[in-house]
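Down below is the structure, laid out as structure tokens.
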Amino acid sequence: MALQAASLVPASFSITKEGNCGVSLRGTTFFGLSLSDTLKADFTSSTLTCKREFQHKVGIVRAQSVVATTTPGVTKAAPEGKKTLRKGSVVVTGASSGLGLATAKALAETGKWHVIMACRDFLKAERAAKSAGIAKENYTIMHLDLASLDSVRQFVDNFRRSGRPLDVLVCNAAVYLPTAREPTFTAQGFELSVGTNHLGHFLLSRLLLEDLNKSDYPSKRLIIVGSITGNTNTLAGNVPPKANLGDLRGLAGGLNGLNTSAMIDGGAFDGAKAYKDSKVCNMLTMQEFHRRYHEETGITFASLYPGCIATTGLFREHIPLFRLLFPPFQKYITKGFVSEDESGKRLAQVVSDPSLTKSGVYWSWNKDSASFENQLSQEASDVDKARKVWEISEKLVGLA
Ligand code: LMG
Ligand code: NDP
Ligand code: PMR
């Protein structure tokens, strides 16, 4: 379905004050942080201003539309003679469940996006898309196993061969192994959580940057899902074990658990910490992309904390008691709970909302589900660490 270019012109949008979601535990302190303080830290308000840049770009599209006509060109003439925009083409990793599936659904439902669901389990993804009611013409499933760099390269080849443009890439897939006593490893021998959540996505996004750059879509975006639990300026980020990349000695050693540690900081293996560390890498990578490429390419780089989606498959490896208690705990005590549907709408906004074109931002939502630019922890915004993580990761995935 064609999208009216005019409908992309952003309405002015501003948020004045955050919602304070601390209710039952206000004033209570955990790990030295008060719940209300922490919520403030995580829900700091800011005013969002619309990007003129986007209007400007839409303006360019209008001008071009006189000549541009067919896919993969951005614009074509609608029967009634109005200038229209072709469907956006978005790759979402891990779209077979949870946030990724909900995002695919939210985007597909607009009729303005074709979603490439990049998944490791084709059958599961097909079933998930069907049961979510995503219309056939709005999605394509392509195989991607982020725990194998060969699979990542193969995916990029297959994607290019498909001839589809790439307008937005969403790095969403993740694994969380909180009960593992021993590390497990990717095909290349990296600890599985950092290997999948960070290194697999690092290679994927580095390779696909070229494709994004070629897109003629008005707003090109690369989104890497982050999380509150990697940010130690929040209460959730202070629940042990805390994220800490240390001096990166384990990462530099290849995280193989043989001659070096399986952990980024070189310490003893801890699955929950490895996941939180991987999220810090995700947020650092987004910022490093922004510093290196935003100006040159105009691509918007963004990360986000979609809220606590306590019902997803992310907790499949956790003990049953946790899985039972975690959703009510988040719903009634922390009030940080969001449904999968709501989280999908949030990520879909970061993909396509004309007011969210600012690059280098870590988005969060307040209790009224209004987006705001959030503050990252000191480590998750450390410029020097971001550069080092980037350089070491480049070597590990064979780009340098
Ligand atoms: C780590 O433990 C594991 O070590 C690691 O292997 C990995 O699994 C990791 O992040 C995953 O977790 C985390 C541990 C840190 O935190 C806990 O899990 C503590 C659970 C305590 C549960 C008590 C909750 C009672 C609330 C009832 C409501 C039901 C909710 C169930 C919640 C389950 C989801 C979390 O812990 C420590 O290492 C430090 C130990 C200190 C623990 C103190 C925790 C304070 C608990 C306060 C909870 C809030 C409830 C207050 C109740 C007020 C009621 C009005
Ligand atoms: P889910 O487990 O529901 O979804 C994770 C997805 O990642 C699944 O589709 C899974 O595939 C896929 N995946 C895992 N390993 C690989 C791999 N090797 N190759 C390709 N795909 C893989 O969890 P969520 O939806 O909760 O998590 C999505 C994102 O949201 C993650 O980045 C997570 O860190 C983030 N997040 C989640 C929060 C939450 O509260 N749930 C809060 C903050 C952030 P399969 O279906 O085959 O298992
Ligand atoms: Mg947390 C405002 C408080 C808040 C929020 C928003 C989260 C989100 N959590 C909060 C508080 C607490 N958690 C408190 C007070 C505790 C101790 C009882 C607590 C515990 C806890 C555990 C054991 N929380 C967890 C776990 C997990 O195993 C999850 C995790 O850390 O996965 C890495 C988790 C989470 N809490 C969250 C969110 C969003 C998670 C899922 C983590 C993620 O997806 O990044």
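Indexing begins at 1, ligand by ligand and atom by atom, following the structure's order. Numbering of residues begins at 1 and proceeds along the displayed sequence.
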Ligand 3 atoms nearer than 4.0 angstrom to some heavy atom of Thr334 are 2 (C), 3 (C), 4 (C), 10 (C), 11 (C)
Under 4.0 Å from one or more heavy atoms of Ser227, ligand 3 contributes atoms 43 (C), 44 (O), 45 (O)
Within 4.0 Å of some non-hydrogen atom of Tyr275, the atoms of ligand 3 are 33 (C), 43 (C), 44 (O), 45 (O)
Cys308 heavy atoms within 4.0 Å reach ligand 3 at atoms 37 (C), 38 (C), 39 (C)
d(Glu288 CD, Trp390 CH2) to nearest 0.5 Å is 6.0 Å
Value for CD (Glu191) from CG (Asn256), rounded to nearest 0.5 Å, stands at 11.5 Å
Below 30° counts as parallel, above 60° as perpendicular, anything between as tilted: where do the rings of Phe301 and Phe289 land? parallel
Heavy-atom closest pair (Val350 atom, Ala302 atom, distance to 0.1 Å) is CG1-CB, 4.0 Å
Quick look: Lys335 vs ligand 3, heavy-atom contacts under 4.0 Å, and the answer is neither
The answer for which part of Lys279 has a heavy atom under 4.0 Å from ligand 3 is neither
Report task. On the 0 to 90° scale, with breaks at 30° and 60°, tag the Tyr176-Tyr275 ring pair as parallel, tilted or perpendicular. Result -> tilted
Heavy-atom contact under 4.0 Å between His318 and ligand 3?
yes
Ranking Phe329, Phe326, Phe337 by closest non-hydrogen atom to atom 24 (N) of ligand 3, top hit is Phe326
Looking at ligand 2, does Gly226 have a heavy atom less than 4.0 Å from it? yes
Can a salt bridge be assigned to the pair Asp384 and Lys388 using a cut-off of 4.0 Å between side-chain N and carboxylate O?
-> yes
Closest to atom 33 (C) of ligand 2 (heavy atoms only, candidates Tyr275, Tyr176, Phe337, Phe326) is Tyr275
In terms of its nearest heavy atom to atom 7 (O) of ligand 2, the top option of Ala147, Gly313, Gly344, Ala173 is Ala173
- With a 4.0 Å cut-off on heavy atoms, is Cys308 touching ligand 2? yes
In Thr93, Val92, Leu101, the residue satisfying side-chain contact (heavy atoms from CB on, under 4.5 Å) with Met117 is Leu101
| Sub-3.5 Å N/O-N/O distance, Phe315 and ligand 2 | no
Please report whether ligand 2 has a polar contact with Asn172, defined as an N or O pair separated by less than 3.5 Å (distance criterion only). yes
message: What I want to know is whether Tyr305 and ligand 3 share at least one N or O pair that is separated by under 3.5 angstrom.
response: no
the protein heavy atom lying closest to atom 5 (C) of ligand 2 turns out to be Ala174 O, 3.7 Å
Ligand 3 atoms nearer than 4.0 angstrom to some heavy atom of Phe322 are 22 (C), 23 (C), 26 (C), 27 (C), 28 (O)
_So for ligand 2, is Leu146 a polar contact partner (N or O within less than 3.5 Å, distance only)?_
yes
Test of proximity, Ala118 against ligand 2: N or O pairs below 3.5 Å
no
### Message
Are any of the N/O atoms on Ile309, whether in the backbone or the side chain, positioned under 3.5 angstrom from an N/O atom of ligand 2?
### Response
yes
If we number the atoms of ligand 2 from 1 as shown, the ones under 4.0 Å from a heavy atom of Lys279 are 31 (C), 32 (O), 33 (C), 34 (O)
Below 3.5 Å, N or O to N or O, backbone or side chain included: is there any such pair between Arg316 and ligand 2? yes
Logged contact type for Leu144 with ligand 2, heavy-atom cut-off 4.0 Å, is backbone
Would one find an N or O of Thr312, backbone or side chain, under 3.5 Å from an N or O of ligand 2? yes
For Pro241 and Ala272 the tightest heavy-atom approach is CG-CB, 3.7 Å
Numbered in order shown, the ligand 3 atoms found under 4.0 Å of a heavy atom of Phe315 are 41 (C)
query = Is a salt bridge present between Asp167 and Arg86, judged by a nitrogen-to-oxygen distance below 4.0 Å?
reply = yes
Logged contact type for Leu314 with ligand 3, heavy-atom cut-off 4.0 Å, is side chain
Close N or O approach (Val175, ligand 2; < 3.5 Å): no
The closest protein heavy-atom partner of atom 42 (C) of ligand 2 is Gly307 O, 3.5 Å
Filtering Ser97, Gly98, Ser227 for the heavy atom nearest atom 4 (O) of ligand 2 leaves Ser97
Numbered in order shown, the ligand 2 atoms found under 4.0 Å of a heavy atom of Gly94 are 6 (C), 7 (O), 8 (C), 9 (O), 12 (C)
Checking heavy-atom distances from atom 16 (C) of ligand 2 to each of Lys124, Met117, Arg120, the winner is Arg120
Rounded to the nearest 0.5 angstrom, the OG1-CG distance for Thr196 and Asp145 is 7.0 Å
If you compare Leu347, Asp121, Leu314 by their heavy atoms, the one closest to atom 23 (O) of ligand 2 turns out to be Leu314
